[in-house]
Each structure stands twice: as structure tokens, then as C-alpha cells.
Student: 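Questions regarding the structure given below will be posed in turn.
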Amino acid sequence: MRGIRLTVAWPVLPWAMAVTAATPLAAQEISGADVREAMARAVAWLKEARNADGVWRDAYQPGGTTALVTLALLNAGVPSNDPAVARAIEALRVLPDQHVYTTALKIQVLAAADPARYRNEIRASADFLVRAQVNNGMWGYGPPAGRGDYSNSQFALLGLHEAGKAGAFIPAATWRSAERSWLHGQNADGGWGYMPGANSYGSMTSAGIASLYIVGHSLYARKRPSVGPDGRPHCCGQYAESRALLRAWSWMADNFRADQNAGPAARSSWYFYYMYAMERAGILSGQRFIGEHDWYKEGATVLLERQRRDGSWRETDALVDTAFALLFLAKGHKPVLFHKLAWSSDSRWNLTRNDLTHLCSFISDRLGDPPTWEVVGRDDPLERWLAAPILYLNGNEFPAFTPRHVEQLREFVRQGGTILAVASCTGEKFRQGFVNFARTAFPDDELRRLPDDHPVFRMLFAVDGRSFEVQGIDAGCRTSVIFCPHDLACLWEYPNLPQSRAGLELGANLAAYATGLEPLPDRLDAVKKVRGPAGPPGPPPRGALLIAQLVHDGDWRPDPQVLSRLADYLHEKMGVDVVRQSEPLRATDARLADHPIVFMTGHFSFELSAEETAALGKHLASGGFLFAEACCGRKAFDESFRKLMKELFPRSPLKPLPADSPILTGSPGVPLPKVGYKPAVLAEHPGLSAVRLEGIELDGRFAVVYSTYGIGCGVDGHTCYACRGLAGEDALKLAGNVVLYALSY
């Protein structure tokens, strides 16, 4: 083990570890709402359990229980100015630094509450922990004495990690000595016990994994990137594989348990301590799975099963156990914003280890709940990729994707995901590889430099587009593939460089654009993959409805999946036999007469020729039906469409559909007394819930139904920045009602 350096040591293939023989828990149907309810009950119980003086009964060390409970409450979302938390913070702020456990927890509390306000207290407590380190690199219960143990050592490193992020100076010798203590004390089986040489079990092995990540991060953060001739920083360092971490992850995969402390020699107690340690290892590493186990989902399932009616948990001490359980649930339940793609079997996929950690920390609550990131493998199923809105990859050379990988990346975009690719180091190989990939994966779409007024430069922060070259590929209504040809990730890796602030702001803008400023999905919600694109057109089944899509000289097909997904809905929910592939037709095509329903959409201005205008009018007057929408609620299309309708029917103008229209009453279909709209609409019209459709009536029926608000984005299911449209399920219901009306009247 001697000579292994964690500064260049991280696990590479944790998803490829040996699969444990244990069967995952069967009852894994808990939801995010279940977890939030359990957390709320635990928070209420902990608040009620305070002493008369506003703090909590000590179980082991003065202030220790108060520090642990306060940390749990803060992580569960209780604000620092809440009376219960504020009183505890003040008590901890003046608490003397005497014990390692309590001091480490105190630092974490003050850093979570307000690191700037409590800067001096954090630094003083960090100095105490530095002085308390034993010569062998470990920590014991108090000032330097004895050999120390791995439990105190884990907590000391957790405290120093937060202190370092808050600006406290931690000597490099402290991190290096701690690193040696963990590396030299690892057992032959890959795990750790409470002391060097003790039998391995889950809580201490998880502690070892988390601790090695912390010291690796802290030592590497002291380095500085190289600077290229263009003055840009480049993160070109190679991280070697960590045998110690790979062996530890393998031990965890072989011995994983969610219902008790893991391992053949596991202690029968300290289950909740184990859960907290496992959460730290999972979050710090970005791993969603330990072997084949979704550690958070399985752990949360057990915790919810064991929670008492009053909201507490109890194994040995109810306050301590409840705080550990709440920490597991709260910290592990963060929504996942990024998936980092591990595209190689070595470290080439991860030249910047801490880029997403720092970027997610910078984003904080700007997009809602503070997000996190996780690692996914190149060969993982699409459903696993889709559990986060952004698939992120970087490197000095571009991945060698197989045709199957390319198709899955293409399908990820079709399903609403965003690919974010960043060239690291000088990036020439990556840049050329990405250009070739774009041509292969998206042959019909142009890779272009995004203009300075693109939303990615102004979503949350005003970023000068001239300072950062960002390229993209538009898929439908949005830029779904984003490419940064310069080492933006290096600015995220080193957030304290002078130019890093602008890089972090651009990263936050990219994330906001990809999510459309809509809430991130709950990490416990199952990913529902929409059916793939329709196959090549063929003869439609006898009697089946085949909807035509009107081709015009604008962007006539911004959402290619809309009609196939609407067809699925009509077939599955409304019993209509619909052909999944639409037929694109010009208005002058003679085959238009075979299609009772024509769909029309677009973003931009358009015109029909005189021949096309006359042919469309004839089709509608002969019994045809036109269903149209302004994609994303764009004004340019709206103006062109209204002009077209005036030319077609000068004596029958567009008018609002009455409240008793069959489309709104659901006769046939689904009653729609109110619908949900996307944030951009509600910003213009707060509280709007009424359906706003217009139509043109011919011979007692509406031959044209038009929505000035986008319906296609909701049907397609993707997020779209500034989309003025209906929310997903309501968009499907409304579109379904329109089709049923067209078939019935």
C-alpha cells in the first residue's frame, strides 16, 4: 500500500463491481412524497424533544447531540433563523472545543448555517482539530492521545472538509497524514474496522471511502491548472486508479446491506450511524449504485418501514438515531441535475474530478432545491441516463462511441435530455471528435456557434457571449446538444481562479436553460421512457386514423415526436385507432383529401403560396379539419397564422371557443374546466387556468381550432425555456379532445 497517492487516486468503474449475492429489497415503491412526509414527522419530533433551555439532552459529549440534531434539521430544510435552530446555533457557537466528534459537528453546523458570519468560529474549531490529530494521522476523542480510531477520524475529516470550503486554512500535512492512516489501515479484504487490524464492516468501510474522497479533494485543490498560450487555464492532469478505493467499493458491493450494518463481522448495533456513513460515501463519490443496489432507494425504504408513529427512530438513543436517519434521508434525497458519463475504463473520462461538485454548490437553490450529480456508465440503460436532465461528458480526446452508443445518445435527446460536452486541456482531439459525432448522430441538424443573445448567456446571470464560445445543435424547440470547445470544466474544477466566476455563472445558465427553470424530478420517481419514433411509413391499417402534418416554408416540424406521442395517448387512453407516424403533406398534395385531420405548427413567420392557400381552404370547406398551434406560443407564427385565416375566411374570423364547447366539456373526451400552464404563461397571466382556444366555424361546426399557446411542447414532454404553453398531461388531454371533436362533428 505504501506509495499510493490519493491526490491521483479515485475509483474508475464502481458500476462494474462484483454484484452482491444478496437480493435487493422487494418493497421499493416509496415515492419522494413518502420521504418528505417522513422527514417532516422526524423534524417535528426532534423539535418537540428539546430541553427547556432550547437544546437537546447530551448522550455522550457536551453539545454533541445538539450539534448532530441541528445539523440534521438544517439539512432537512429547516432555516437557520427558525427559533429551535437559531437557539441551538448560538449555544454551539460559544461551546468550547474539547472533543473531536462535537467540534467536527459544530463546524458542519456553522458552515451549513452561514459560513461567512461564523468564519472566525469555524477557523478556531478547525485549528483545534488540526492540533488534535495523532502522530499516526488519526484522531481520537480529544487532544492528541493514544492511537485514535477511524470513527473519530471520519468525523474530523468531515469537519475539516467543511472548514476548508468556508475558507479556513488546513495544512497539507494534516491531509497527507490522514491519507496515510487510512491507506495503511485498510484490511486485506478491502474494508476497514473501527481500528487498524479490526474486522471490516459497513459503517467503517463507508467512512474510509468518504474520507479518501475528502483528502483527495483537499490535496488536489491546492494545485493550480496549467495556462495555455491563449491565457485559458487547462486541467490536463491524469488521475490514476486508486487500488484502495476500488477494493473498498468492491467490498461494499459484495457485502451491501440496507437493513443492518454490512459485513460478516458487522456489529449488530450502530445501524443509523452506518446509514449516515453510507450516504456520505455515495454523495461524495457521485455513485447512485453500490454494485447493483440503489443505495438511497433501498436505505430509504428500510428507514420508512422502521420509523415510529411519533416520527422518531430508535436503536440505542432516539435523538441520535433520529438525527442520523434524517441526515440520510435529507442529504441523499437531493435532486440529480447532472449525470457525468464515464466513457472509458480508465481516468480519461474524469480529468476534472470536482467540476460538478463545485458547480452544483454554486447553483445552490437557484433552480429550487440544491441539486447534486451522479456518475452513469456508457453502457447503462437509457432509463438510467434519463434520471437526470443533463448528460455531461468531457475529456482531452473524444469517446469512441459504438453505433449503439450513438443511437442511445440520439434517443436521449429525443426523450428530452440535454447533452453537455466540454473539451478539456487543449481539447483539439475532443473538438474534432465531437464535430464528427455531431455529423453522424444529427446529420440533419447544424452545429453552430450560439449567438450572444442566446438564453444560455442570460438565464440567471449576464455572461458575455464573446468571452465563451458555446456551440449547439437545435432539436425541436430548444438547443439540446451543447458543446464548449474550451476548457470550461477547468473553471468549475478551480472555482477560486479570477476568471472562474464567469465560468460558474455560464454553467448555472446552461443548467437553467436545460431544465427550462422547471422543478427537477424527484430522484425516487421512476423514469417513464416514452416510446421511440415511429417506423417508416407504410400502408395504414384499414379504418385507422392517419393525421397529416401540413408542410409550409417555415419550421413546419419543430417537435417531430408530437403526433406519434399524441397517437399513443389517443390509442391507450381514448380507444382511438391511430397510426403513429404522421404524413407530411403540402396543401396542394392530392392525398390531403384522404386525411380528415391536418395538424399545423411552427415557431416563425411563414407564407403559403396562392395555390396552397386555395387548396387548404377547399379542403376545410369540404369537411376537413385543421388543428393548429403556435409552438412555444411564438408571436411570429401567431401573426402569420392569423393573416392566413383572414385570407381563407374573411367573413368567418377566429373567435374564442364557448365554455360549453364539446372540446372543453369533454363530449367526447375529458372534461377540462381548468388546465395548467408553463411558468412563462403564468408570468404574463398569474393564476390563468382557463383553456384558451380559438376557432373558425363553418356550417355549424368548427373547421379550424387554434391555440395561441403551445400544446406540442407539453405533448412532447420536453422542457423548453420561455415556452408559452400548456403543461404536459393537460396538453395531451386537450389535444386528445380536439381530435375526438374533429372525428365526431
Side-chain angles (χ1 to χ4, degrees), residues 1-22 24 136-138 147-154 157-158 178-217 239-267 270-271 273-295 298-299 342 345-347 350 353 375 377:
M1 299 298 296
R2 188 178 300 276
I4 296 177
R5 298 292 305 148
L6 190 66
T7 53
V8 290
W10 293 63
V12 174
L13 292 173
W15 51 88
M17 301 171 207
V19 178
T20 176
N136 63 7
M138 300 174 72
R147 295 176 56 194
D149 62 78
Y150 284 129
S151 181
N152 272 292
S153 297
Q154 173 197 206
L157 290 173
L158 289 169
E179 176 190 61
R180 286 193 296 270
S181 73
W182 286 98
L183 292 175
H184 295 167
Q186 188 176 28
N187 292 330
D189 61 6
W192 283 272
Y194 180 70
M195 300 282 289
N199 290 328
S200 302
Y201 52 97
S203 54
M204 285 297 95
T205 303
S206 297
I209 291 171
S211 295
L212 289 181
Y213 274 102
I214 287 172
V215 295
H217 172 277
Y239 290 84
E241 298 181 19
S242 166
R243 290 175 53 207
L245 276 168
L246 286 172
R247 291 170 57 225
W249 279 118
S250 181
W251 187 96
M252 287 295 296
D254 289 340
N255 295 278
F256 179 86
R257 296 288 297 267
D259 57 342
Q260 70 176 52
N261 203 345
R267 301 174 62 174
W270 301 110
Y271 167 72
Y273 175 91
Y274 159 62
M275 297 299 281
Y276 172 63
M278 181 167 60
E279 173 270 321
R280 290 290 75 212
I283 292 297
L284 287 167
S285 65
Q287 303 307 319
R288 186 185 187 101
F289 291 86
I290 297 178
E292 290 297 309
H293 294 273
D294 185 330
W295 58 265
E298 294 189 35
S345 59
D346 54 21
S347 60
N350 208 12
R353 302 289 183 178
V375 176

Student: Taking side-chain hydrogen bond (donor to acceptor under 3.5 Å, both in side chains) as the test, write out the residues that go with Arg288, two or more places apart.
Tutor: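 Listed in chain order: Asp294, Glu374.
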Student: Can a donor-acceptor pair be found between the side chains of Asn187 and Ser200 at a distance below 3.5 Å?
Tutor: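 Looking only at side-chain atoms, Ser200 and Asn187 do form a donor-acceptor pair, the distance falling under 3.5 Å.
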Student: Any non-hydrogen side-chain atom of Phe256 less than 4.5 Å from a side-chain atom of Glu298?
Tutor: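 In contact.
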Student: What residues form a side-chain hydrogen bond (donor to acceptor under 3.5 Å, both in side chains) with Gln154, not counting sequence neighbours?
Tutor: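 Scan of Gln154 (side-chain hydrogen bond (donor to acceptor under 3.5 Å, both in side chains), adjacent residues dropped) gives Tyr273.
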Student: Parallel, tilted or perpendicular: which one describes the rings of Tyr213 and Trp249, with boundaries at 30° and 60°?
Tutor: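 Tyr213 and Trp249: perpendicular rings.
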Student: Who are the ring pair (Phe, Tyr, Trp, His ring centres under 6.0 Å) partners of Tyr274, not counting sequence neighbours?
Tutor: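 Once residues adjacent in sequence are excluded, Tyr274 has no partner under the ring pair (Phe, Tyr, Trp, His ring centres under 6.0 Å) criterion.
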Student: Say you draw a straight line from CG of Leu284 to CD1 of Ile214; how long is it, rounded to the nearest 0.5 Å?
Tutor: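 So the gap between those two atoms works out to 5.5 Å.
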Student: State whether the side chain of Glu279 and the backbone N or O of Ala277 hold a donor-acceptor pair below 3.5 Å, judged by distance alone.
Tutor: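 No, the answer is negative, given that no donor and acceptor are paired below the 3.5 Å cut-off.
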Student: Is it the case that the side chain of Thr205 and the backbone of Gly202 share a donor-acceptor pair, with hydrogens and angles ignored and the cut-off at 3.5 Å?
Tutor: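 Here the side-chain-to-backbone pair does not exist.
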Student: What I'd like to find out is whether the side chain of Leu183 reaches to under 4.5 Å of the side chain of Leu212, using heavy atoms alone.
Tutor: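 Yes, side chains in contact.
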Student: Check for me whether the distance between the ring centres of Tyr150 and Trp182 falls short of 6.0 Å.
Tutor: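 Aromatic pair counts; centres sit under 6.0 Å.
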Student: Taking C-beta and beyond as the side chain, do Pro196 and His184 meet within less than 4.5 Å on heavy atoms?
Tutor: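 No, every pair of side-chain atoms sits at 4.5 Å or beyond.
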Student: State, with a plain yes or no, whether a side-chain heavy atom of Tyr194 is found less than 4.5 Å away from one of Tyr201.
Tutor: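 Contact flag for Tyr194/Tyr201 side chains = yes.
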Student: Between Arg247 and Gln186, is any pair of side-chain heavy atoms under 4.5 Å apart?
Tutor: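 When only atoms from C-beta onward are counted, Gln186 and Arg247 do touch, with a gap below 4.5 Å.
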Student: Could you work out, with side-chain hydrogen bond (donor to acceptor under 3.5 Å, both in side chains) as the rule, every residue matching Asn152, not counting sequence neighbours?
Tutor: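 If we apply the side-chain hydrogen bond (donor to acceptor under 3.5 Å, both in side chains) test to Asn152, skipping adjacent residues, the hits are Asp149.
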Student: Are the side chains of Phe289 and Trp295 in contact, using a 4.5 Å heavy-atom criterion?
Tutor: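 Contact flag for Trp295/Phe289 side chains = no.
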Student: Go through the structure and list residues passing ring pair (Phe, Tyr, Trp, His ring centres under 6.0 Å) with Trp251, not counting sequence neighbours.
Tutor: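 For Trp251, no residue satisfies ring pair (Phe, Tyr, Trp, His ring centres under 6.0 Å) once neighbours in sequence are set aside.
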Student: Looking at Ser285 and Ala281, what are the two nearest heavy atoms and their distance?
Tutor: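 Ser285 and Ala281 have their closest heavy atoms at OG-O, 2.7 Å.
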Student: Of all heavy-atom pairs between Val375 and Ala342, which one has the smallest distance, and what is that distance?
Tutor: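 Here Val375 and Ala342 meet closest at CG1-CB, 4.0 Å.
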Student: Can you name the side-chain hydrogen bond (donor to acceptor under 3.5 Å, both in side chains) partners of Ser203, sequence neighbours left out?
Tutor: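 side-chain hydrogen bond (donor to acceptor under 3.5 Å, both in side chains) check on Ser203 returns Asn261.
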Student: Does the side chain of Met252 reach to within under 4.5 Å of the side chain of Ser206, using non-hydrogen atoms?
Tutor: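 Met252 reaches Ser206 side chain to side chain.
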Student: Roughly how far apart are Ser211 OG and Met138 CE, rounded to 0.5 Å?
Tutor: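 If I round to the nearest 0.5 Å, the distance is 10.0 Å.
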Student: Of all the heavy-atom pairs spanning Arg257 and Gln260, show the shortest one and how long it is.
Tutor: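 Shortest heavy-atom separation between Arg257 and Gln260 comes out as CB-O, 3.3 Å.
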Student: Contact between Arg353 and His217 at the side-chain level, heavy atoms closer than 4.5 Å - yes or no?
Tutor: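 Side chain of Arg353 against side chain of His217, heavy atoms only: no contact under 4.5 Å found.
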